Structure formats: C-alpha cells, structure tokens
Amino acid sequence: MLKLLHNMRKSEWRMAAVCALLILGQIYFDLSLPDYMSSLTVLIKTPGSTMSDILYTGLEMLGCTLASAVLCVLCGYLTAKVAAGFSYSVRESVFNKIADFGQQEMMAFSVPSLINRTTNDITQIQMLVAMGLQILIKSPIMAVWAVVKIVGKSWTLSAITAGFVVALLVMMVVIIAVVVPRFRRVQKLTDHINLVARENLTGINVVHAYNAEDYQNAKFQKANETLMRTQLFNQRTFALLMPAVTLAMNTLSLLIYWVGAAIVNNVSAADSALRLATFSDIVVFGTYATYVIMSIMMMVMIIMLIPAAQVSAQRINEVLIADIHLQEGQQTASQETGTVEFRHVSFHYPTSDKNVLEDISFTAKRGETVAFIGATGSGKTTLVSLAARFYDATEGEVLVDGVNVKDYTFDALYDRIGYITQKAVLFSGDIRQNVLFGESRGGSSDEEVRRALDLAQASEFVDKLLKGIQAPIAQGGANVSGGQKQRLSIARALARKPEILIFDDSFSALDYRTDAKLRSGLRRQLKDTTRIIVAQRIGTIRDADKIIVLDEGRMVGMGTHEELLQSCPVYHEIARSQLSHEELGA
C-alpha cells in the first residue's frame, strides 16, 4: 500500500497534512469534554455554586462540541478530495502502464484481470483512503492521549482497561490473520467471474444459436457460488468484531463504575472534599476509558477494509512494477525506404519452448507485394507480427528499412508501418475518428479521410449513411458488418500513408469483386508502398511479386504463382482445392 503513495500529487499531500492538523484539533476538543464534565460535577455538588457558573461551563462544553463538529466536516471534505485525487492518479498510472504492455504482458495478466485491477481494486483503495485518513490518525492518537489522561487516576481501573484493550487487540490480530489469505482468493475469484461474464456477453449470439443458455448459467452460477461462500466466511468472521467491541465497551463501563463505587465508598465520609474529588475522577476515568474503546472500535471499522485494500494494492503494484519486455531503441532514421527483411528468424512464444517459426529468410523490396499462404496454424500471423514488433524474434534479425526493429523508437517504427489486424477492431466514435485514429504522417482533413475510404472501397457504403463520415460507430464496430469493418480498418491504415502495409488476412470478409477492386487500386495508387499480405485465398495473392508458402512454421516454397504451381507441392495442393481445372491449366 505504501508503494502507491508516490502517485499522490503535491496538492493532495498538502490537503492530507491540513487534514491531519484538523484531526488533532478534533481530538483536543473531544478530550477536553471530560474535564468540563468533572468541573460540572464539582460545581453541582459544591454548596454555594451559582447557576451562571454552571451555565458558563456548559457553554464551554457546547463550544468544544461545535468546534469539533466543524473540524470534522472540513476534514471529511478534504479527505474526500484526497481519496478521489489519489484514485485518479493511481488509475492514470495503471492505465498508462497497461498501454505500454506487449502481447507477452497481456497474456501474463489476462484482460479480465486488468479490467478488475483498474476498476474494483482501485475503488477498494479509494474507500480505505477516504475512511482511513481520518480514522488511522484519529484512533491511535485519541487512545494514547486518553490513556495518558487516566493512567495516574487509578491503577486498579487502569489495569482493568488495559486487560480489555489487550484482549480486543489479540482478537483483531487473529481475525485478520485468518481473513487476509481469503481476501486474496476473493480477488482471483472476482477476476474469474469477470472472465465468465465477459465471455458470455461477447459471445451472446453464439450462446443463443446453440441453446447454451443453461450451460452458461450453470458455469456462472458455479463461479458465483464459490465467490459467495468465500465472501460469506470473511463477512461472518468480521461480524464478530463489532459486537465484541461493543460488548467490551459496555462491560468496561460497568466494571469501572462498579469498582469505582467501591473506591468512593472506601473514602471517609468525613472528608467530603476528597470524596467529591474521587467521585469526579471516576466519572472522568469512565469517559476516557470509553474513548479508548471507541478508538479501538474505529480501528475495527477501518481494519475491515484494510485486508481487501492491501490485496488490491499488491495487485495494482504487480501491474506498475511489471517488466516491459519490448524496450524501444533510439534510432529514428534509416538509409532505405519501404524494405522488410527477415534473416534466419526463428520464434517461440514465452510460454513454450517449441518454435512456431523456424529459420525464415526473405526480403521485400520497396513497392513489392509479398504474400504468405499456408494451412491454419502455419505461423503466418506470427510472422507478420514480428515485423510490427508485437514480439521479438527468438533468433535471427527482423529489419525494416535496413535497420533492426529493436533499434527503432516505437514512434519511428510505427510511422513506417500500416498494420491491418486479422480481426478488424473499431472504436466507439464516428467514421472520421476511426479513420484518423492515432498519430501518423498522414493528413487530418476530411479530404484525406475520403481519399482513404475511396481506396479502401468503403465510400460505397459510407456515402449512403445519413451523416457520411460523421456517422457513429458503436463499440467494437457492432453497428457495421464484417466486410465494412475490414474496409474501415484498411482505410485507417491507408490514411497513415505508411511505407509498408501489412494485411493480416484482411480481405477474408470481402467479396471477390471488392477484393479485386481494392487490390487493383493499391497497385495503381501505391506503387512505391511495400505490401505484405497474409491470405487464405489464392485469388487474393496470385498476382503478388513473391509468394511465400509456410508449412508448420517453415518456408517450403517461394516464388510467383506460376513458379510455385510447378515447384511446391503444398502450394499446388492449396491451389487445387480452390481453383478450377481451367484456372490450374491456365
């Protein structure tokens, strides 16, 4: 928890310091009340006391109460600002850190867990700061101050009070030791239930299509019941604390007045002044002893939040201190333009020792179209993701414009590349915002947007929309079809005006006519742009300058369409499954 405090801004530290001073003022006024009670007791029991003296003392008590209330309100306002500002800073730090994550880090944490850490875990900490900033300062100081006030008044009553305090503290420590491990489990179970719910919502159409509602409900119910049982144990355990503290406070008050009555009776009735002073001390002692137990009660309230907040803080710190495996270089310039080269590249994922790619070597020159084809799982997407540096090659080198991708700054590398992912991803907003998404060397005018849409063959449906390029896009592009999403994703890459375009199976949702028009437009208008295409359809890549055939992560063929039909059995088999006899013969 303490590691997160460096995220607090200076203004929040200043407000926290002011809040601490206000709390000290509160404690001073609260602990002054028993002294006024003692004075009132003496005035009432002393013959000859005037009503004005009693009223004046009562008004002083009222003044202390009002001053404490005003300070409490001011402190609550400042505490709320500190807690909200602190959670804002932590959430910003976590979000910025996650934005730097690569694929390896995302796989290590998982998306549902990162969402939970950014929302629920930070809320737990905010609740602790909002309540704890007052209570964690007020309760121990008030307890110590009250003990100092009473310690010399009666050693018998002090020993009784100390016994109750020790018993309560031991019980709190035992309960916390039992509950904290289960709070860690609660957070993991919350991650799991988030995963189940997210899967169900994302795949709701598939669930309905397969009548799998009962199966999904049962899966969610199992996760929900496990979480409920764990939380019930924690809450039932914590439920013992507050009644125990209340019982201890009432029992202590009863013992103090019972033992105090015996102490007063032992004082000689002839010495009325000493008897009155002893009685006054017992009344004050009872009040201060109650303050001690009340301080412990306040600590119980905050201790009920500490275990969950501590686990949440650990989970947030795991994100903030996570090592980023992809570190950017320093180079921004290069001698070449639009070239991609793989030199004996092999790669395996961090979670496996088996190579997904084995000894891949090829060169794509400026303006060339280089295509990759192969069976599902042959490593096509993995290969082009190395060029975009989503991962680093395990062996060999990947060069863009003659420079190892590891040596580029991220901005310099991604300014050179326009990457269209296998799964088209759109963001909530409008068409214009999606096409101009992110930073690039391309322009930001409406004319640039329309030019990119024209080339991506998206204008034919965008122009029919009521608001044109201002037409809204739902989250994930839910209000457009698969083919429309792909064309908008392609337009987004084209608007960047990159040197290298990477199409990761980005034509799969397009019909043959749109596919052909798009490829023809790319050849005609982007003659100097290097195009790297991953495809399943031979019709999409047969005109490529170079086709590379992959089989189980190895290159088994490289050449033009006609050359591979003659020299590569794997390519010939794929072609035979997709092309007619006439096309094969031609």
Side-chain angles (χ1 to χ4, degrees), residues 101-108 110-111 325-326 340-362 364 368-400 405 413-414 416-426 476-477 482-483 485-490 492-493 498 500-510 515 518-519 530-541 544 546-558 570-571 574 578:
F101 277 6
Q103 293 295 319
Q104 185 171 343
E105 290 78 29
M106 294 298 293
M107 290 172 63
S110 82
V111 173
H325 292 85
L326 294 180
V340 177
E341 183 179 359
F342 276 52
R343 293 179 181 171
H344 304 289
V345 170
S346 296
F347 173 76
H348 64 77
Y349 287 103
T351 55
S352 172
D353 293 331
K354 182 181 179 181
N355 279 344
V356 179
L357 296 172
E358 188 76 40
D359 195 24
I360 305 294
S361 296
F362 71 90
E368 280 190 340
T369 299
V370 178
F372 296 89
I373 196 167
T376 301
S378 58
K380 304 182 297 297
T381 294
T382 302
L383 188 147
V384 294
S385 69
L386 294 179
R389 211 190 168 203
F390 296 154
Y391 294 98
D392 279 336
T394 309
E395 299 176 19
E397 288 185 299
V398 179
L399 293 89
V400 170
V405 291
L413 176 62
Y414 295 124
R416 290 168 163 79
I417 294 175
Y419 191 92
I420 303 95
T421 55
Q422 189 173 24
K423 180 182 178 183
V425 177
L426 298 180
K485 279 200 289 188
Q486 278 198 341
R487 282 179 278 176
L488 290 175
S489 297
I490 293 170
R492 178 170 58 201
I500 302 159
L501 280 169
I502 299 177
F503 299 90
D504 183 7
D505 200 12
S506 308
F507 304 103
S508 58
L510 304 182
D515 184 349
L518 175 56
R519 288 185 287 108
T530 306
R531 296 175 294 281
I532 297 177
I533 302 174
V534 170
Q536 300 288 350
R537 299 194 305 226
I538 283 184
T540 300
I541 63 171
K546 191 182 297 178
I547 300 173
I548 296 172
V549 185
L550 296 178
D551 185 34
E552 295 185 355
R554 294 177 177 272
M555 282 179 55
V556 294
M558 181 167 62
V570 175
Y571 186 79
I574 296 172
Q578 297 184 15

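For reference, positions follow the sequence shown, starting with 1. Just so we're clear, the structure is a prediction, and the values are computed from it rather than from any experiment.
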Glu552/Arg554 ion pair, N-O < 4.0 Å | no

What's the spacing between Arg487 CZ and Lys485 NZ if we round to 0.5 Å?
-> 13.0 Å

Note, Asp359 side chain near Val345 side chain (heavy atom, < 4.5 Å) = no

Shortest non-hydrogen contact from Ala387 to Ile502?
-> CB-CD1, 4.1 Å

Met558 and Val549, any side-chain heavy atoms less than 4.5 Å apart = no

Mark yes or no for whether Gln536, through its side chain, and Ile373, through its backbone, hold a donor-acceptor pair below 3.5 Å.
-> no

Non-hydrogen atoms of Leu386 and Ala393 that approach each other most closely = CD2-N, 4.1 Å

Donor-acceptor pair, side chain of Gln486 and main chain of Gly483, under 3.5 angstrom | no

Please test Asp505 against Thr381 for side chain to side chain contact (heavy atoms under 4.5 Å, CB included), starting from the C-alpha separation and ending with a verdict.
-> CA-CA 8 Å; Asp505 200 12; Thr381 294; 5.8 Å; no

List the steps and the verdict of side chain to side chain contact (heavy atoms under 4.5 Å, CB included) for Val340 and Leu399.
-> CA-CA 6 Å; Val340 177; Leu399 293 89; over 6 Å; no

Could you tell me which non-hydrogen atom of Gly379 sits nearest to which non-hydrogen atom of Val356, and how far apart they are?
-> CA-CG1, 4.4 Å

Carefully, step by step, assess Ser361 and Glu341 under the rule side-chain hydrogen bond (donor to acceptor under 3.5 Å, both in side chains).
-> CA-CA 7 Å; Ser361 296; Glu341 183 179 359; over 6 Å; no

Roughly how far apart are Ser385 OG and Leu357 CG, rounded to 0.5 Å?
-> 8.0 Å

Should Ile547 and Phe372 count as side-chain neighbours, where that means a heavy-atom distance under 4.5 Å?
-> no

Hey, is the main chain of Thr394 close enough, under 3.5 Å, to the side chain of Ser346 for a donor-acceptor pair?
-> no

Check whether the ring centres of Tyr419 and Phe390 lie less than 6.0 Å apart, and answer yes or no.
-> yes

By salt bridge (charged side-chain N to carboxylate O under 4.0 Å, His left out), Glu395 pairs with (sequence neighbours left out) none

Are side-chain N/O atoms of Thr421 and Asp504 paired as donor and acceptor at under 3.5 Å?
-> no

Donor-acceptor pair, side chain of Gln578 and main chain of Ile538, under 3.5 angstrom = yes

Under 3.5 Å, side chain of Ser506 to main-chain N/O of Phe503, donor-acceptor pair present?
-> no

CD1 (Ile533) and CG (Leu501) are apart, to the nearest 0.5 Å, by 9.0 Å

Pairwise side-chain contact, Lys354 with His348, heavy-atom cut-off 4.5 Å (strictly under) = no

Nearest-0.5 Å distance that lies between atom CG in Asn355 and atom OG1 in Thr382 | 11.5 Å

Hits for salt bridge (charged side-chain N to carboxylate O under 4.0 Å, His left out) against Arg492, two or more places apart or cross-chain, chain-then-number order -> none

Given Ser489 and Val425, is the side chain to side chain contact (heavy atoms under 4.5 Å, CB included) satisfied, shown in steps?
-> CA-CA 7 Å; Ser489 297; Val425 177; 5.9 Å; no

Is the shortest heavy-atom distance from the side chain of Arg389 to the side chain of Asp392 under 4.5 Å?
-> yes

Under 6.0 Å between the ring centres of Phe342 and Phe347?
-> no

Hey, could you give me the CZ/CZ distance between Phe507 and Arg519, rounded to the nearest 0.5 Å?
-> 7.5 Å

Taking the six-membered ring for Trp, are Tyr391 and Tyr349 parallel (under 30°), tilted (30 to 60°) or perpendicular (over 60°)?
-> perpendicular

Salt bridge (charged side-chain N to carboxylate O under 4.0 Å, His left out) involving Asp551 - partner list, sequence neighbours excluded = none

So which heavy atom on Ile417 is nearest to which on Pro498, and how close?
-> C-CB, 3.6 Å

One should read off an interatomic distance between Ile532 CD1 and Lys546 NZ, to the nearest 0.5 angstrom, of 10.0 Å

Within the distance-only criterion (no hydrogens, no angle test), does the side chain of Lys380 pair as donor or acceptor with the backbone N or O of Ala375 below 3.5 angstrom?
-> yes

Mind running side chain to side chain contact (heavy atoms under 4.5 Å, CB included) on Asp515 and Arg537 for me, showing each step along the way?
-> CA-CA 11 Å; Asp515 184 349; Arg537 299 194 305 226; 2.7 Å; yes

